[in-house]
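For reference, the structure is listed below as structure tokens.
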2 protein chains.
Amino acid sequence: MQPERLLKKHNLRKTSGRLSVLRCFLEYGKALSHGEVQDLVGKKVDRVTLYRILQSFEEKGLLHKVPDDQVSVKYALCDHLHNVDHAHSDNHAHFKCNSCGDTVCLEESAIPNIPTPKGFRVNESFLLLGGLCDQCVR
Amino acid sequence: MQPERLLKKHNLRKTSGRLSVLRCFLEYGKALSHGEVQDLVGKKVDRVTLYRILQSFEEKGLLHKVPDDQVSVKYALCDHLHNVDHAHSDNHAHFKCNSCGDTVCLEESAIPNIPTPKGFRVNESFLLLGGLCDQCVR
DNA sequence: TACTAAAATGCAACAATGTTACAAAAATGA
DNA sequence: TCATTTTTGTAACATTGTTGCATTTTAGTA
């Protein structure tokens, strides 16, 4: 789907900054950190604006947060860009390659249920696998 | 086990800073972030020194990192303070309460195997559950 | 097309977090 | 007690993320 339509569908005004950022994600296909997006879009988009763009994309269900080596955050396109309902879960695992640094969504892998102590209520779960991707494994 | 012995066992010199920090973890029993430890030990321990203490504890297998709401890191005592082998995994899930902010280790819950694409090698995994703990659930 | 209200942007300033270099101090073993 | 090695404190700096505010841009409407 074209970036313009995606923005509209998610109730986001069309701006050049947002289009640039969205194109990065559509083209790159992997999770990107704020810094990585910044490098891709260059100084066409202000640093603060970029934070706000990523934030708005997340609020509107266009991106979801991905834990990155337990220290920082990346963003990835949501699974269901086809439906506008953004009370979604994106409840899948992520894999980060420790060699090339790429982070990919393991869409097929729903995070399994984990038993918790009595009385605990689980609302969300984040699962990050680390290792080597097929490109870096040899 | 006494803090002094723990340090010795893990090849860490006994210093007042390290003892203070270690006592925090032994007494508190939950995962602590750098800032939380800093609050607990006060200005008896310098900020930079505290970073280094946490780092040395992790290197020597006394603490392990715990992902904290995908943005920052906490530290928790390792499962096996009894053996000195620190090529350990601490391969269990963690639970963070979104109300009180406490993070606990779910020692019993080994992280299940997640299928990955062909050619990927998984070396480590981090699983963080978010929700309400038994104290905050009502 | 021109106008208006609402939203988004850029900028400056700031806060929090984390790192490095280096000299001074403390801990260990002989 | 001494010598060596490790640890510490300090300062300086880099990175990351946030807030306030004036300006610009967008989208809808006349």
Side-chain angles (χ1 to χ4, degrees), chain A residues 2-24 31-63 65-75 84 101 103, chain B residues 2-24 31-63 65-75 84 101 103:
Chain A
Q2 309 95 309
E4 284 86 352
R5 288 223 53 208
L6 276 177
L7 289 181
K8 182 142 220 172
K9 223 175 165 176
H10 289 266
N11 265 308
L12 290 157
R13 291 194 174 185
K14 182 179 80 178
T15 69
S16 62
R18 285 181 177 168
L19 282 174
S20 305
V21 173
L22 186 47
R23 284 207 198 88
C24 289
L32 292 164
S33 67
H34 172 275
E36 289 166 336
V37 178
Q38 183 79 78
D39 289 344
L40 288 172
V41 299
K43 51 191 173 184
K44 282 184 306 185
V45 180
D46 180 76
R47 204 173 60 91
V48 175
T49 302
L50 180 51
Y51 275 113
R52 291 191 275 226
I53 288 177
L54 292 173
Q55 198 175 301
S56 68
F57 281 10
E58 199 207 350
E59 280 166 10
K60 297 299 171 60
L62 207 44
L63 297 177
K65 284 187 181 175
V66 179
D68 181 49
D69 62 40
Q70 348 169 43
V71 191
S72 42
V73 182
K74 290 193 173 187
Y75 291 89
V84 189
T103 303
Chain B
Q2 310 95 308
E4 284 85 353
R5 288 223 52 210
L6 275 179
L7 289 181
K8 182 143 220 171
K9 223 175 165 177
H10 289 265
N11 266 308
L12 290 156
R13 290 193 174 185
K14 183 179 81 177
T15 69
S16 62
R18 287 180 175 169
L19 283 173
S20 305
V21 173
L22 185 47
R23 284 207 198 87
C24 289
L32 292 164
S33 67
H34 173 274
E36 289 166 337
V37 178
Q38 183 78 78
D39 290 344
L40 288 171
V41 299
K43 51 190 171 181
K44 280 183 307 181
V45 181
D46 180 76
R47 203 173 61 91
V48 176
T49 302
L50 180 50
Y51 275 113
R52 291 191 276 225
I53 288 177
L54 292 173
Q55 195 175 302
S56 67
F57 281 11
E58 200 208 347
E59 280 166 10
K60 297 298 171 62
L62 207 45
L63 298 177
K65 284 187 179 174
V66 179
D68 181 48
D69 62 39
Q70 346 169 45
V71 192
S72 42
V73 182
K74 291 193 175 189
Y75 291 88
V84 188
T103 302

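Below, chain A is the first sequence line, B the second, and so on; all start at residue 1.
- Ranking C:dT9, D:dG9, D:dT7 by closeness to the B:Asp46 side chain, first place goes to D:dG9.
- Side-chain atoms of A:Arg23 do not come within 3.5 Å of backbone N or O of A:Pro3 as any donor-acceptor pair.
- Among the heavy atoms of the strands lying under 4.0 Å from A:Lys44 are primed sugar atoms or P, OP1, OP2 only; no base atom is included.
- The base of D:dG9 sits within donor-acceptor range of the side chain of B:Arg52, with an N or O pair under 3.5 Å.
- Here the closest non-hydrogen pair linking B:Glu36 and B:Ala31 is OE1-O, 3.9 Å.
- For B:Arg13 and D:dT5, a side-chain-to-base donor-acceptor distance below 3.5 Å is present, hydrogens and geometry of angles not being considered.
- Counting any heavy atom pair closer than 4.0 Å across all strands shown, B:Thr49 reaches a base atom.
- Both A:Gly35 and A:Val48 lie close to DNA chain D; mapped to their nearest nucleotides by heavy-atom distance, the more 5′-ward contact belongs to A:Gly35.
- OP1 or OP2 of D:dT7 has not a single side-chain nitrogen or oxygen of B:Ser56 nearer than 4.0 Å.
- Here D:dG9 presents its P atom at 10 Å from CD of B:Gln38, a figure rounded to the nearest Å.
- Remark: the backbone N or O of A:Leu6 is not paired with any side-chain donor or acceptor of A:Gln2 at under 3.5 angstrom.
- Checked by distance alone, B:Arg47 brings no side-chain donor or acceptor within 3.5 Å of a matching partner on the base of D:dG9.
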